[in-house]
There are 2 protein chains.
Amino acid sequence: MEEILRQQIEKIVPLTDDEFRLVLSHFSVGNYKKHQYIVQQENPVPYVHFVVKGLLKSFYIDKSGKNHVLQFAMEDWWITDNQGFYNNQNATLNIDCLEDAQTYYITLEDREKLCNELQKMEFFFLQKMTAGNIALQNRILSLMSKNSEERYIQFIQLYPDLIHRIPKTLIASYLGISRETLSRLWN
Amino acid sequence: MEEILRQQIEKIVPLTDDEFRLVLSHFSVGNYKKHQYIVQQENPVPYVHFVVKGLLKSFYIDKSGKNHVLQFAMEDWWITDNQGFYNNQNATLNIDCLEDAQTYYITLEDREKLCNELQKMEFFFLQKMTAGNIALQNRILSLMSKNSEERYIQFIQLYPDLIHRIPKTLIASYLGISRETLSRLWN
DNA sequence: GAATTAACGTGATATAGGTCACAAATTATA
DNA sequence: TATAATTTGTGACCTATATCACGTTAATTC
């Protein structure tokens with residue numbers, strides 16, 4: 001399991017065994033059941049999670065009670081409520097498990113400690129955050145310039161693995177369309 | 001002018017005069033005229049720009065020729081085509097000036113050099129990137145959960161200064177609605 | 001393995017917002 | 001300051017997508 005985290009980091013910065021031990025020492029392991037919440041609206045957001053097994057989603061409940069999926073996270077992905085986590089605010093999002101899951105999680109304090117002890121980790125997190133930015137900007141442009149069908153096709157191309165693990169209802173929600181419209185796309 | 005950059009950085013990390021001189025030595029100054037492009041689709045993206053004067057926008061032209069404003073950038077904001085800049089790819093976006101502008105700009109290489117010489121600058125850029133992520137996620141949720149009017153009201157609250165400097169057509173484009181719909185919102 | 005619960009498909013109908021077209025008003029510029 | 005260009009408002013009409021309402025099938029779960 002640790003290997004997934006190590007490989008994820010080493011895609012960006014090489015690590016010695018000792019360095020990786022140091023990295024790992026700042027993380028804890030969490031096991032969660034399907035349907036379990038790991039972040040809840042109005043509550044603190046103590047951790048960012050690196051998923052080693054399973055599948056989670058973050059979602060926003062708007063004032064009319066409608067759910068909007070912001071993100072899915074499967075193996076090798078990071079997930080948290082950024083606004084809550086990085087600004088020490090209560091969550092505006094919820095995160096729950098679509099499948100039984102296991103994560104390595106870390107507090108903001110420990111992440112900063114880790115970055116001070118091992119400078120290259122700060123570079124790693126900066127790279128990750130940058131990649132995230134690019135993905136988010138593309139998603140915005142996609143929402144603004146593509147219709148439902150084009151967005152769905154793009155989703156399949158970007159995340160072919162997810163299609164079979166996630167109910168269409170949630171994919172529709174992620175794409176910003178109703179489940180009925182998504183259902184009518186093919187036939 | 002330099003002071004704007006210094007204050008922007010010192011909001012996150014304190015700098016001695018010498019340190020700021022070091023920072024500044026990696027930047028160049030650019031002056032641009034209204035309507036001038038500083039990034040063009042299909043071309044390299046050598047710099048990220050910190051705006052000290054004026055107003056710019058980044059926008060995407062979709063396959064049907066429609067423009068979509070991704071970002072505005074006025075004084076104290078950063079702007080580039082992230083995908084092009086950080087991945088050394090050609091631009092998918094355009095950036096042009098809505099007003100005569102002046103920027104401090106830096107290459108990716110020089111930014112990395114600067115971060116190595118002055119570690120706290122890496123922390124600074126990580127903080128900025130994180131704040132950017134949060135803003136982008138909120139924009140996505142806004143696009144998915146709010147109607148035109150609510151998005152416009154939110155825009156006014158977030159960027160009261162911009163309202164008077166930017167034609168409504170472009171604000172509509174930023175909000176993902178047609179200029180006609182925006183025009184019909186008030187009366 | 002029977003009973004819930006969730007997922008999916010599909011018809012009928014409603015609507016927010018898009019598109020097209022034109023005119024007026026405002027702002028740039030030669 | 002006259003001319004051109006841009007910005008804005010508004011009517012008429014259109015359409016993609018939402019919503020509501022069922023029924024069916026497929027998964028969970030006790």
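Just the heavy atoms: all of them, side chains too, but no hydrogens, waters or symmetry mates, feed the values below. Everything numeric here is computed off the predicted structure, so don't read it as measured data. Throughout, protein chains are lettered first and strands after them, A, B, ... in sequence-line order, and every chain is numbered starting at 1.
Phosphate proximity of dG9(C) to Ser183(A): present, with a side-chain N or O under 4.0 Å from OP1 or OP2.
Across all strands, Ser178(A) comes closer than 4.0 Å to base atoms (heavy-atom distances). Counting any heavy atom pair closer than 4.0 Å across all strands shown, Thr169(A) reaches sugar-phosphate atoms only and no base atom.
Within the cation-pi definition used here (under 6.0 Å to the ring centroid, within 45° of the axis), Lys57(A) qualifies as a partner of Phe59(A). At least one cation-pi condition fails for Arg165(B) and Phe72(B): the charged atom is not both under 6.0 angstrom from the six-membered ring centre and inside a 45 degree cone around its axis. In this structure, Lys120(A) fails the cation-pi test against Phe123(A), since its NZ or CZ atom is not both closer than 6.0 Å to the six-membered ring centre and inside 45 degrees of the ring normal. The cationic atom of Arg111(A) (NZ for Lys, CZ for Arg) does not lie both less than 6.0 Å from the six-membered ring centre of Tyr47(A) and within 45° of the ring axis.
For the pair Asp96(A) CG and dA6(C) P, the computed distance is 13 Å after rounding to whole Å. Here the P atom of nucleotide dA16(D) and the CG atom of Leu182(A) are 17 Å apart, to the nearest Å. Residue Gln36(A) contributes atom CD, which lies 18 Å from atom P of dT28(D) at whole-angstrom precision. Lys66(A) has its NZ atom 13 Å from the P atom of dT17(D), to the nearest Å. Rounded to an integer number of Å, the gap from Leu170(B) CG to dT6(D) P is 12 Å. Whole-Å rounding puts the Ile171(B) CD1 to dG9(D) C1' distance at 16 Å. Between the P atom of dT6(D) and the NZ atom of Lys57(B) lies a distance of 12 Å, rounded to the nearest Å. The interatomic distance linking Leu143(A) (CG) with dG18(C) (C1') rounds to 17 Å, in whole Å.
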Let me see the working for Phe27(B) and Tyr105(B) under ring pair (Phe, Tyr, Trp, His ring centres under 6.0 Å), right down to the final yes or no. CA-CA 5 Å; Phe27(B) 285 85; Tyr105(B) 62 87; 8.6 Å; no
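Side-chain contact between Phe124(B) and Gln8(B) is present, with heavy atoms from C-beta onward closer than 4.5 Å.
Each of His35(B) and Ile177(B) lies near DNA chain C, and the nucleotide nearest Ile177(B) is the one positioned closer to the 5' end. Along DNA chain D, the nucleotide nearest Lys34(A) and the nucleotide nearest Asn147(A) are compared for position; the residue whose nucleotide lies closer to the 5' end is Asn147(A). Taking the nucleotide of DNA chain D with the nearest heavy atom to each of Arg179(A) and Glu149(A), the more 5' of the two is matched to Glu149(A).
Between Arg151(B) and Ser142(B), the shortest heavy-atom contact is CD-O, 3.5 Å.
Screening Phe50(B), Tyr104(B), Tyr159(B) for a ring-ring contact (aromatic ring centres under 6.0 Å, His included) involving Trp77(B) leaves a single residue, Tyr159(B).
With hydrogens and angles ignored, the 3.5 Å screen pairs no side-chain donor or acceptor of Arg179(A) with any backbone N or O of Ala172(A). Of the possible polar contacts, none joining the Glu117(B) side chain to the Leu114(B) backbone as a donor-acceptor pair under 3.5 Å is found.
Computed from C1' positions of five pairs at each end, the angle between the two local axes of the helix from dG1(C)-dC30(D) to dA30(C)-dT1(D) equals 70°, rounded to 10 degrees.
Under 3.5 Å, the side chain of Glu180(A) and the base of dC8(C) form no donor-acceptor pair of N or O atoms. Side-chain to base pairing of Arg184(A) with dG11(C): one donor and one acceptor N or O lie within less than 3.5 Å of each other.
Within residues 150-168 of chain A, the residues approached by DNA chain C to less than 4.0 Å at the level of any non-hydrogen atom are Pro167(A), Lys168(A), in residue-number order.
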